[in-house]
Amino acid sequence: MRRAIALVDCNNFYVSCERVFQPGLEGKPVVVLSNNDGCVVSRSQEAKDLGLKMAAPWYQMKDLAQRHGIVALSSNYSLYADISNRVMSLLSRFSPAQEVYSIDESFLDLGGIAADHTAYGQQIRETVRRCVGIPVCVGIAPSKTLAKLANHVAKQDRRLGGVCDFNRLSPAELDTLLSSIAVGEVWGIGRHTVPGLEAIGIRSVLDLKRAPANRLRARFSIVLARIVEELNGAACLELDDVAPAKRQITCSRSFGTLTASLVDLEQALIAYTTRAAEKLRQQHSMAGGIQVYIRTNPHRKRDPQYQQSILVPLAGPSNDTRLFCRAALYGLGQIHRSGYAYQKAGITLTHIIDAADKPNTLFDDVVLQQRTCTLMTTLDRINRRMGSGTIRLLGEGTSARWAMRRENRSPRYTTEWNELAVCRG
DNA sequence: TCTGGGGTCCTAGGACCC
DNA sequence: TCTGGGGTCCTAGGACCC
C-alpha cells in the first residue's frame with residue numbers, strides 16, 4: 001500500500017495568532033515584524049496581495065504601509081509558542097505518528113487511517129479552526145517532499161478548500177500538475193541551486209522528478225539526489241516522531257541600539273548564555289564548549305567594521321550556567337576590540353552530549369558536581385514557577401540599555417497572569 | 001634521484017529550512 | 001535612525017595516526 005503522509009501547515013501563522021485575540025484584524029492587511037521591529041516575518045493574505053515581501057526591512061516598507069493602512073505588530077514569541085503547542089497537541093489526536101517539524105508545521109502519518117484522506121484533512125482543518133482559531137492547510141502524498149508540495153498546492157488553489165491529496169491523482173494528472181510548478185518551490189531547493197538547475201534545462205518540478213538522480217548527485221550533492229527520489233514517491237526521509245536532542249544551542253540578538261561599551265556586551269552575553277544553558281538542561285544535555293560571537297552592523301558600510309568569534313573549550317562537559325558565563329566572558333576578552341559600535345552578539349553551546357553519557361574522570365569532584373546539579377535544578381524550578389529571570393547572575397545587570405525594541409507588541413494573552421485575555425460585555 | 005595509502009576526526013564555510 | 005533568530009546537513013581540507 002502506498003504511504004500517506006500529511007503535512008499540516010498553519011496559514012500566515014504569527015498573523016493568525018494575533019487575529020485570534022484581535023478579531024478586528026480579520027480582512028485587514030497585517031504584518032508581524034522580527035525582533036527590533038527589523039523585518040517582515042509574517043504577512044496576512046491582504047498584505048501579500050499588496051506586494052509586501054517576506055523578510056523585507058520594515059523601514060523601507062513604511063510608506064507603502066501608511067498608504068494602505070497596514071497594521072504592523074512586534075513579534076510576541078511567548079504567545080506564538082503557546083498557540084503552537086495547542087495546535088500540535090490537537091493534531092496529535094489525528095495520527096499515532098506525528099513529527100512536529102517547526103513552530104507552525106507538523107507531519108502526520110495517515111498510513112493506518114482507513115477514512116477517506118481528503119475528508120480526514122477537512123476534519124483536521126475544522127477541528128483546529130474551531131478549537132484554537134487558527135486556519136491550516138493540509139497536503140497529503142507518499143513522501144514528505146511531495147506532501148510539502150501538496151500543501152503548497154492546497155494553499156494556492158482555493159478551489160481545493162485547503163486540502164490537497166496527491167494520492168488521489170493518476171500519475172498523468174500528477175505529472176501535469178508538477179509541470180506547472182517552478183522547481184524553486186521544492187523543499188530543499190534554495191535560490192542558489194535554482195540557476196544551476198535551470199542551466200541544465202530543469203525548470204519545473206516535473207523536470208527535476210525526471211532527471212537522473214545519479215548525475216545530479218555527481219554534479220550537485222547527495223541531498224539533491226534524495227530530493228529527486230522523494231519526488232518519485234520513494235520515502236527517503238523518515239518521520240521523526242521523537243524530536244532528537246539539539247546538537248548545538250544558540251542564543252543571539254541584535255541590540256536595540258549600537259553600543260561601544262564592553263560592559264553592555266558582557267551583560268548581553270551573560271543573558272544569552274543563561275538562556276542557552278536553560279535550554280541545554282531542559283533536554284538533559286551537557287556541552288563541552290561555548291562559541292562567542294560579536295559584530296558591528298554590516299549594513300553601515302561607512303562605519304569601521306569588525307566581527308570575530310572564538311570557540312572556548314571547557315575542561316569537560318558541563319551544564320553549569322556559571323561556568324559557561326565565565327568561559328563566555330573569557331572568550332569576549334580575547335576577541336573584543338575597542339573603538340567599534342557593536343550591533344549584535346551571541347553564543348553557541350557546542351559538543352553537546354546526553355548528560356547520562358558524561359564520562360567520569362579521576363579528577364572529578366563528585367561532591368561539587370552534586371551541589372552544582374542541585375543548584376541548577378533549583379534555579380530552573382524557581383524561574384519556571386515564578387517567571388523567567390527571577391533568579392539570575394548579577395553580571396547580567398539590571399539596566400539592559402542594549403535590549404531590543406518592540407514598539408507594538410500585543411499582550412501575552414495566554415502565558416502571563418497580568419496580561420490575560422478577558423471577555424468584557 | 002627519491003617523499004605511500006588509508007583511515008578518522010575536526011573545523012570552517014556554504015546552503016537550506018522556518 | 002531603521003536590515004531577525006535558531007537550527008540542520010553536507011563538503012572540503014587540514015591534522016593526525018598507523
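In the text below, chain A, chain B and the rest are named by the order of the sequence lines, each starting its count at 1. Computed from a prediction, not measured in an experiment: that's the story for all the values here. Values below: all heavy atoms of this structure, side chains included; hydrogens, waters and symmetry mates excluded.
- Between A:Cys325 atom SG and A:Arg392 atom CZ the span is 12.5 Å, to the nearest 0.5 Å.
- For A:Gln60, counting side-chain heavy atoms from C-beta on, the closest listed nucleotide (B:dC18, B:dC16, C:dT3) is C:dT3.
- Both A:Cys251 and A:Cys39 lie near DNA chain C, and the one whose nearest nucleotide falls closer to the 5' end is A:Cys39.
- Between A:Ser252 and the phosphate of C:dG5, there is no side-chain N or O to OP1/OP2 separation shorter than 4.0 Å.
- Counting non-hydrogen atoms under 4.0 angstrom, A:Asp104 reaches the backbone sugars and phosphates but no base.
- Under the salt bridge (charged side-chain N to carboxylate O under 4.0 Å, His left out) criterion, A:Arg226 pairs with no residue, sequence neighbours left out.
- Note on A:Tyr101: only backbone sugar-phosphate atoms sit closer than 4.0 angstrom, heavy atoms only; bases stay farther off.
- Taking the six-membered ring where the residue is Trp, A:His336 and A:Tyr342 present tilted rings, their angle falling between 30° and 60°.
- A sub-4.0 Å separation between OP1 or OP2 of C:dT3 and a side-chain N or O of A:Arg300 is absent.
- More than 12 heavy atoms of other residues, nucleotides or ligands lie within 6.0 Å of CD in A:Glu26, so this atom counts as buried by the packing criterion.
- The shortest distance between the side-chain N/O atoms of A:Ser254 and the OP1/OP2 oxygens of C:dG5 is below 4.0 Å.
- Residue A:Leu33 is classed as having no contact, given no heavy-atom separation below 4.0 Å to the nucleic acid.
- At C:dG7, one or more side-chain N or O atoms of A:Lys279 fall inside 4.0 Å of OP1 or OP2 (strictly under the cut-off).
- DNA chain C contains the following stems of three or more consecutive Watson-Crick or G-U pairs, with both distances under 3.5 Å: B:5-18 with C:5-18.
- We find that CZ of A:Arg43 is positioned 17 Å from P of C:dG4, with the value rounded to whole Å.
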Between protein and nucleotides 9-13 of chain C, what N or O pairs are separated by less than 3.5 Å?
| unit_1 | atom_1 | unit_2 | atom_2 | d |
| --- | --- | --- | --- | --- |
| C:dC10 | OP1 | A:Arg226 | NH2 | 2.7 |

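- Of the side-chain N and O atoms in A:His192, none sit less than 4.0 angstrom from OP1 or OP2 of B:dG14.
- Side-chain proximity of A:Val41 to the nucleotides C:dG6, C:dT3, C:dG4 is greatest for C:dG4.
- Atom CZ of A:Arg217 is surrounded by 12 or fewer heavy atoms from other residues, nucleotides or ligands within 6.0 Å.
- What separates NZ of A:Lys62 from P of C:dT3 is a distance of 11 Å, to the nearest Å.
- Spacing between atom CD of A:Gln343 and atom P of C:dC2 amounts to 9 Å, rounded to whole angstrom units.
- A sub-4.0 Å separation between OP1 or OP2 of B:dC17 and a side-chain N or O of A:Lys148 is absent.
- Backbone-only contact: A:Val186 has heavy atoms under 4.0 Å from sugar-phosphate atoms and none from a base.
- Just one of A:Ile352, A:Thr350, A:Thr348, A:Ile290 meets the side-chain contact (heavy atoms from CB on, under 4.5 Å) condition when paired with A:Ile249; it is A:Ile352.
- Within the 4.0 angstrom heavy-atom criterion, only backbone atoms of the sugar-phosphate kind lie near A:Thr193; the bases stay farther away.
- Distance, A:Ile227 CD1 to B:dC16 P: 9 Å, rounded to whole Å.
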Report task. Begin with the C-alpha distance, continue with both residues' side-chain angles, and end with the deciding distance and a verdict on salt bridge (charged side-chain N to carboxylate O under 4.0 Å, His left out) for A:Glu278 and A:Arg275. Result -> CA-CA 5 Å; A:Glu278 279 169 9; A:Arg275 182 75 202 96; 2.8 Å; yes
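- What separates CG of A:Leu280 from P of C:dG7 is a distance of 11 Å, to the nearest Å.
- For the pair A:Asn36 CG and C:dG6 P, the computed distance is 12 Å after rounding to whole Å.
- The shortest non-hydrogen separation linking A:Ser44 to A:Arg19 is CB-NH2, 3.4 Å.
- For the pair A:Glu105 CD and B:dC17 C1', the computed distance is 9 Å after rounding to whole Å.
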**Report entry** salt bridge (charged side-chain N to carboxylate O under 4.0 Å, His left out) between A:Glu230 and A:Lys148, worked out
**Finding:** CA-CA 11 Å; A:Glu230 283 253 320; A:Lys148 289 280 272 187; over 6 Å; no
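- Across all strands shown, A:Trp58 has no heavy atoms under 4.0 Å from either base or sugar-phosphate atoms.
- Put simply, the residue from A:Gln305, A:Arg300, A:His299 that forms a side chain to side chain donor-acceptor pair (under 3.5 Å) with A:Asp303 is A:Arg300.
- With rounding to whole Å, A:Asn35 atom CG is found 5 Å from C:dG5 atom P.
- Applying the 3.5 Å distance criterion, the base of C:dT1 shares no donor-acceptor pair with the side chain of A:Tyr59.
- Only the P atoms considered, B:dT3 is 24 Å distant from C:dC18, to the nearest whole Å.
- Among the nucleotides C:dG7, B:dC18, C:dT8, the one closest to any side-chain atom of A:Gln248 is C:dT8.
- Below 30°, between 30° and 60°, or above 60°: for A:Tyr101 and A:Trp187 the angle between ring planes is above 60°, a perpendicular geometry.
- Side-chain proximity of A:Pro57 to C:dG6, C:dT3, B:dA15: nearest is C:dT3.
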